[in-house]
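Please read the structure below before turning to the comments.
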Amino acid sequence: MSSTTSFQPYTHEDLSRWLACSRRFWLQRHFEPSSEALLMQRAASGKGLDTSPAAQDQALRATFPQAIVIDTPQSETDWLQAIARTHAVLAEGWLAGAREDEGRAILGACLESNEGVRVRVDVLAAGPYGLRLFKVRYATVGDERDVDMVALWTHVAARNGLRVQSAGLMLVDTDFVYPGLGCYAGLFREVELMPVLGSRSVPDWLVAMRACERDTEPAPPDEAPCHTPSPCAFVRHCGQLEAGHGRKDPADLELVGRELAGELRELGHISVRTVSLDELPDERRRRAVRAVQQGRPIMEPEVADLIATMAYPRYALRIDTIGFALPSWPGTRPYQIMPFQWTCDVEQADGRLSHHAFLATQQGDPRRAFAQSLIEVLGQTGPIFAYNAGFERNRLRELATAFDDLASALEALQPRIVDLFQVARAHYYHPDMCGSWSFKSIVRALAPETRADQFDWQGITEAQEAFALSLQGVLGQAQLDSLRQALLAYGQRQTAALRGFVRSFSEARTRP
């Protein structure tokens, strides 16, 4: 970290930090985070699936076709120019007296108050009695941070002598159906916030922020939000806060369920290590507690007989989906669950193994090709192994509803699906699972060698984010090919993990 000396204007990010953690705000104002810390912060927080900034700009311009755009400032000179440009547009009367249906607005209006606050307002639009101010969220709902930001923007606008008649959020309307050709008019719905902004005392906040900045370094709060709403770049500076963050105690009483854990605490227990098995109501919880108390995984041997009843060929199936705030394909809605990749391993009785996969491209709605190729690979007989298989069944049902001519074949697949989640819960527990039955937790316990819990392509750690990037048209062909190969390899690691689960269950009787 390097110390900062000159005063920097406050932004909405400063306000969010101060409201969340005064120590985080103070450190950000007094020190520059290390480059390593910033990279970690960006990698952990950069998981947006809202498509590219260009597509977002296109959606806003569809709502405000006569908008003037003020580019995002990148330097002090940029800020001064952007502020001057905003005032010039306002002085020209661009918004004065304009009708709402004309679509006049300033996107990214930059304003500064004499209190040392700078803001970049998403939308300043024309209204019949003044200006309409909006925070744009590519989400279906807002949160308290959004209200705080709108309150700050409205305060700064008022300090600049602007008459704001309404202030609120522009949120994605899930009833919108994308017609294609970049036509996003009607995507947003407006939520008015003026009635609740009075509860935000922005002037008092700014005074308190200035006092905090001038004071000595605050002590860590009792419950420091080190990783919310975004990862803190100074988490290593507050080493005592980083220690233990996100680590669960395998013996935590919550392992047996919140309600039962409360009853056990009343009996004087502080961990499951002191709990008698007779105090637990079912075999699943008794198995988990035994595993913790004995410090080893437990696999019930009868699961081998269950797996032995399942014929060949055997299929291991994983489906990946995405939900875009801005629909990419005509006829789809915001956040509609869209399958974009399936991976399937087929194992024959003689041990022969074949790998199959589908990965969508930019070329139109992928669902029909997704469904047809999946039907062809899965055939008509043999168990289909999946994990948390309700997910796969629901996707097949949705595809059957979308394509009448494929419905019978898709419906015939559903009874063949074997949910390895249910098999594992009924027969297995590893202390390191810490009560979690997620796919990633069971991979780490039963098939860590597959690395099926890990995706990484040039710092992107979520497959959905990588796929979204592949559709944005910003990658060169070599990069695009590399990304798609990473997605296909990730799918294959997932199906390898499913086969690893089945193999472990099959060998249960030979385990010590």
Q: For the pair D320 and Q494, evaluate side chain to side chain contact (heavy atoms under 4.5 Å, CB included) and give the outcome as yes or no after the intermediate values.
A: CA-CA 11 Å; D320 290 292; Q494 291 182 314; 3.6 Å; yes
If only atom types and distance count, is the side chain of [X] paired as donor or acceptor with the main-chain N or O of [Y] below 3.5 Å?
| X | Y | value |
| --- | --- | --- |
| N160 | L162 | no |
| W329 | G364 | yes |
| D481 | A478 | no |
| T86 | C110 | yes |
| R189 | T140 | yes |
| Q165 | Y129 | yes |
| S16 | H12 | yes |
| D252 | L255 | no |
| R484 | L359 | yes |
| Y184 | P327 | yes |

4.5 Å side-chain heavy-atom contact, [X] and [Y]:
| X | Y | answer |
| --- | --- | --- |
| R200 | T154 | no |
| L469 | E465 | no |
| V69 | L60 | no |
| L471 | F324 | yes |
| Y10 | L15 | no |
| F455 | L487 | yes |
| E213 | W18 | no |
| L406 | R368 | yes |

Which value, rounded to the nearest 0.5 Å, describes the distance between [X] atom [atom1] and [Y] atom [atom2]?
| X | Y | atom1 | atom2 | value |
| --- | --- | --- | --- | --- |
| R367 | R395 | CZ | CZ | 11.5 Å |
| L111 | H87 | CG | NE2 | 5.5 Å |
| E190 | L171 | CD | CG | 10.0 Å |
| W205 | L152 | CH2 | CG | 8.5 Å |
| S482 | Q458 | OG | CD | 6.0 Å |
| R285 | L260 | CZ | CG | 5.5 Å |

Minimal non-hydrogen separation, [X] against [Y], with atom names:
| X | Y | value |
| --- | --- | --- |
| T401 | D404 | O-OD1, 4.0 Å |
| G108 | I70 | O-CB, 3.2 Å |
| G142 | D146 | CA-OD2, 3.2 Å |
| P203 | H155 | CG-CE1, 3.6 Å |
| P334 | V172 | CB-CG1, 3.2 Å |
| P73 | A82 | CG-CB, 3.9 Å |

Q. If you measure from the Lys or Arg side-chain nitrogens to the Asp or Glu carboxylate oxygens, is any gap between R17 and D14 under 4.0 Å?
A.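 Salt bridge between R17 and D14, a charged N being under 4.0 Å from a carboxylate O: yes.
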Q) Salt bridge between E192 and R132, side-chain N to carboxylate O under 4.0 Å? A)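 No salt bridge links E192 with R132.
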Q. Between M149 and V119, is a side chain to side chain contact (heavy atoms under 4.5 Å, CB included) present by the stated rule, with each step listed?
A. CA-CA 9 Å; M149 190 182 302; V119 297; over 6 Å; no
Q) Has R333 got its NZ or CZ under 6.0 Å from the middle of the six-membered ring of Y335, at an angle within 45 degrees of the ring axis? A)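 Because its charged atom misses either the 6.0 Å distance or the 45° angle limit, R333 does not stack over Y335.
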Q. Does atom CD of E259 have more than 12 heavy-atom neighbours from other groups under 6.0 Å away?
A.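 No, not enclosed.
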Q) If you draw a 6.0 Å radius around CD1 in I270, do more than 12 non-hydrogen atoms from other residues or ligands fall strictly inside? A)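 Counting other residues, nucleotides and ligands, CD1 of I270 stays at 12 neighbours or fewer.
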Q: For N394 and E398, test the side chains for any donor-to-acceptor distance below 3.5 angstrom and give the result as yes or no.
A: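 The answer is no; no qualifying pair exists.
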Q) If you measure only the distance, is there a donor-acceptor pair under 3.5 Å linking the side chains of H30 and E217? A)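 No, because no side-chain N or O of H30 sits under 3.5 Å from a partner of the opposite role on E217.
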Q) Using the ring of each side chain (for Trp, its six-membered ring), is Y178 parallel, tilted or perpendicular to F176, with breaks at 30° and 60°? A)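 Y178 vs F176 ring planes: tilted.
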Q: Specify whether F358 and F370 have parallel, tilted or perpendicular ring planes, treating 30° as the upper limit for parallel and 60° as the lower limit for perpendicular.
A: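 Answer is perpendicular, since the angle exceeds 60°.
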Q: Could you check V123 against V136 for side chain to side chain contact (heavy atoms under 4.5 Å, CB included), going step by step and ending with a plain yes or no?
A: CA-CA 8 Å; V123 178; V136 179; 3.8 Å; yes
Q: Test D453 against every option in K440, R444, R493 by the salt bridge (Lys or Arg N to Asp or Glu O under 4.0 Å) rule and name the one that passes.
A: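 Of all the options given, the one that passes is R444.
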Q.
So, using ring pair (Phe, Tyr, Trp, His ring centres under 6.0 Å) as the criterion, who are the partners of W79 when residues are at least two apart?
A.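 Ring pair (Phe, Tyr, Trp, His ring centres under 6.0 Å) check on W79 returns nothing, list empty.
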Q | Audit row: R159, V117, side chain to side chain contact (heavy atoms under 4.5 Å, CB included) steps and yes/no | A | CA-CA 10 Å; R159 299 286 285 195; V117 181; over 6 Å; no
